[in-house]
Protein chains: 2
Amino acid sequence: MSTPAALETFERFLRQKGLRVTGQRKAIFEAALSQKEHFTAEQLLERVRALDPGGRVSRATVYRTLPVLTESALLREVDIGTGEMFYMPNVGKVAQVAQVVCLDCDRIFEISAPFMEWYGSTVSTRLGLTPVSQRLQVSARCDTLKRTGTCRYRDQAGPRRKARLTG
Amino acid sequence: MSTPAALETFERFLRQKGLRVTGQRKAIFEAALSQKEHFTAEQLLERVRALDPGGRVSRATVYRTLPVLTESALLREVDIGTGEMFYMPNVGKVAQVAQVVCLDCDRIFEISAPFMEWYGSTVSTRLGLTPVSQRLQVSARCDTLKRTGTCRYRDQAGPRRKARLTG
DNA sequence: CTGCCTGCAAACTCTTTGCACGAAT
DNA sequence: ATTCGTGCAAAGAGTTTGCAGGCAG
């Protein structure tokens, strides 16, 4: 569940941008903020419909609303290079975080990476650029899986890109 | 142009994997290794056809050959989150590199990031994972553009994702 | 009322794939 | 001769968009 305070933040943001406060936008907002894990646009749509069976929210509106939510800093976009975009409620401060993606269970772990910002500006400045954002992502394999045959984590949508040249 | 030595490496790799040494694969190899910058599958196809106007190489074959080239370590895949994959001839050692992407001119700069590997293993181990690879990417804006209105660099395919909520 | 928002479905982009033919071994 | 490789076009996945009607302001 989302806090009423967050909803107000959202409505304020909408009005401030000259956008209308519609039922769909509020429903999508509620569904998004109620997520505990990373989620895709499709998963968000399911959740919206689950939370409000009577409501009519289309896929298109979800896709059109997601950018609004990320620009209002209520959500954070996470691209792990699987072809689909992931989103995450932006609880607390917008700390610099990196992702560790397990290639076995497809789970996304977030870890703080405070040095990233420093690094980005150091390198960018040298190139005559001003850093806007930085992403660090580690792909890894599950040790437990290798030993016991099972991974203790399981969920999340899997990468689209197929294994290559497995021979 | 690619060195004959590299071509031999490629042919050796193919045979070792039980793959056939075809004209198309060699043509694609030549075109790929002749690139100086990052390139997409589409750009590679254009280059293949430009270098060998008589040859018949299809888009499908380019897509099917790219994984072979990356697995033979002759190319490196670079995903900057634009929806299309970029490739780069893997000259010299496979050092840990990060990318700085200029949002104004869409150019991709590569910088060495030696600490990345250490960081990946530190964090992964703590999660019970074994790191496979890591990506660090900095998005930045061009200072020159902001001041003078022009960017000194210009080329490369641009991001697919459109600007959002520009109002 | 006016015009932004929405739903629907079609369009789009990049990439993958099924199938029948052609070529490497 | 066998297979694997290739070309073609269609399929796929995720996301965007044109259009007509609907609802917020």
Side-chain angles (χ1 to χ4, degrees), chain A residues 10-12 14-29 38-46 48-49 52 54-70 77-87 157-167, chain B residues 10-12 14-29 38-46 48-49 52 54-70 77-87 157-167:
Chain A
F10 182 51
E11 295 194 6
R12 202 173 309 123
L14 288 178
R15 278 190 265 268
Q16 172 187 316
K17 282 280 179 180
L19 301 173
R20 293 180 179 173
V21 180
T22 67
Q24 287 91 332
R25 283 177 175 159
K26 285 193 285 189
I28 293 169
F29 164 83
H38 295 80
F39 58 92
T40 62
E42 197 61 36
Q43 293 171 332
L44 177 56
L45 177 62
E46 286 171 25
V48 170
R49 291 181 170 165
D52 183 12
R56 311 274 85 251
V57 175
S58 71
R59 177 170 290 102
T61 299
V62 168
Y63 275 103
R64 283 191 272 236
T65 303
L66 278 169
V68 178
L69 288 167
T70 58
E77 257 189 353
V78 179
D79 178 2
I80 62 168
T82 54
E84 61 210 325
M85 190 65 80
F86 285 85
Y87 297 87
R160 184 195 61 177
R161 227 166 287 286
K162 305 296 185 305
R164 296 167 161 176
L165 207 70
T166 321
Chain B
F10 182 51
E11 295 196 5
R12 202 173 308 125
L14 288 177
R15 278 190 263 270
Q16 171 188 316
K17 282 279 181 183
L19 301 173
R20 293 179 178 173
V21 179
T22 66
Q24 287 90 332
R25 282 178 176 159
K26 287 193 285 189
I28 293 169
F29 164 84
H38 295 80
F39 58 93
T40 62
E42 198 60 35
Q43 293 170 332
L44 177 56
L45 177 61
E46 284 171 25
V48 169
R49 292 181 170 165
D52 183 13
R56 306 283 77 254
V57 175
S58 70
R59 176 171 291 100
T61 298
V62 168
Y63 275 105
R64 283 191 272 236
T65 302
L66 279 169
V68 178
L69 289 167
T70 58
E77 256 188 357
V78 178
D79 178 4
I80 62 166
T82 54
E84 61 210 327
M85 190 64 79
F86 285 85
Y87 296 87
R160 184 194 61 177
R161 227 166 287 287
K162 307 296 186 304
R164 297 165 161 177
L165 207 70
T166 321

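Just so it is clear, the structure is predicted and the values come from calculations on it, not from any experiment. Just so we're on the same page: letters track the sequence lines, and every chain starts at 1.
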Original post:
Counting side-chain heavy atoms from CB outward, which of C/dT17, C/dC8, D/dG5 is closest to A/Ala60?
Top reply: C/dC8
**OP:** Go through C/dA9, C/dT6, D/dG7 for me and flag the one nearest to the A/Arg64 side chain.
**Re:**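 Ranking C/dA9, C/dT6, D/dG7 by closest atom to the A/Arg64 side chain puts C/dT6 first.
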When the distance from [atom1] of [X] to [atom2] of [N] is rounded to whole Å, what number comes out?
X       : N      : atom1 : atom2 : value
B/Gln43 : C/dT15 : CD    : C1'   : 16 Å
B/Arg15 : D/dC4  : CZ    : C1'   : 15 Å
B/Arg49 : D/dT6  : CZ    : P     : 14 Å
A/Glu84 : C/dT15 : CD    : C1'   : 15 Å
A/Leu44 : D/dT15 : CG    : P     : 12 Å
B/Asp79 : C/dT15 : CG    : P     : 10 Å
A/Phe39 : D/dG14 : CZ    : P     : 16 Å
B/Met85 : C/dC14 : CE    : P     : 13 Å

**OP:** State, yes or no, whether a side-chain contact exists between B/Ile28 and B/Thr61 at a heavy-atom distance under 4.5 Å.
**Re:**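 Counting from C-beta outward, B/Ile28 and B/Thr61 do come under 4.5 Å.
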Subject >> Beyond-backbone contact of B/Phe86 with B/Glu77, side-chain heavy atoms, under 4.5 angstrom >> reply: no
Original post:
According to the interplanar angle, ranging from 0 to 90°, do the rings of B/Phe10 and B/Phe29 count as parallel (below 30°), tilted (30 to 60°) or perpendicular (above 60°)?
Top reply: parallel
According to a strict under-4.0 Å criterion, is [X] in side-chain N/O contact with OP1 or OP2 of [N]?
X       : N      : answer
A/Tyr63 : D/dT15 : yes
B/Gln24 : D/dG7  : yes
B/Thr22 : C/dA23 : no
A/Thr61 : C/dG7  : yes
A/Arg25 : C/dC5  : yes

**OP:** Decide, yes or no, whether a salt bridge links B/Glu42 with B/Arg59 under the criterion of side-chain N to carboxylate O below 4.0 Å.
**Re:**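 Between B/Arg59 and B/Glu42 there is a salt bridge, with a charged N closer than 4.0 Å to a carboxylate O.
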Original post:
Considering heavy-atom distances to DNA chain C, does A/Val62 or B/Gly23 have its closest nucleotide positioned more toward the 5' end?
Top reply: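 Mapping each residue to its closest nucleotide by heavy atoms, the 5'-most match is A/Val62.
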Original post:
Between CG of A/Leu14 and CD of A/Glu11, what distance do you get to the nearest 0.5 Å?
Top reply: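 One gets 7.5 Å once the value is rounded to the nearest 0.5 Å.
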**OP:** Identify, between A/Ala41 and B/Arg59, the residue whose nearest nucleotide on DNA chain D lies closer to the 5' end.
**Re:**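 Result: B/Arg59.
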Subject >> Base C/dC4 to side chain A/Arg20, donor-acceptor N/O within 3.5 Å cut-off >> reply: yes
**OP:** Look at the side chain of A/Arg56 against the base of D/dG22 and say whether a donor-acceptor pair falls under 3.5 Å; ignore hydrogens and angles.
**Re:**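 Under the 3.5 Å cut-off, the side chain and the base do not form any donor-acceptor pair.
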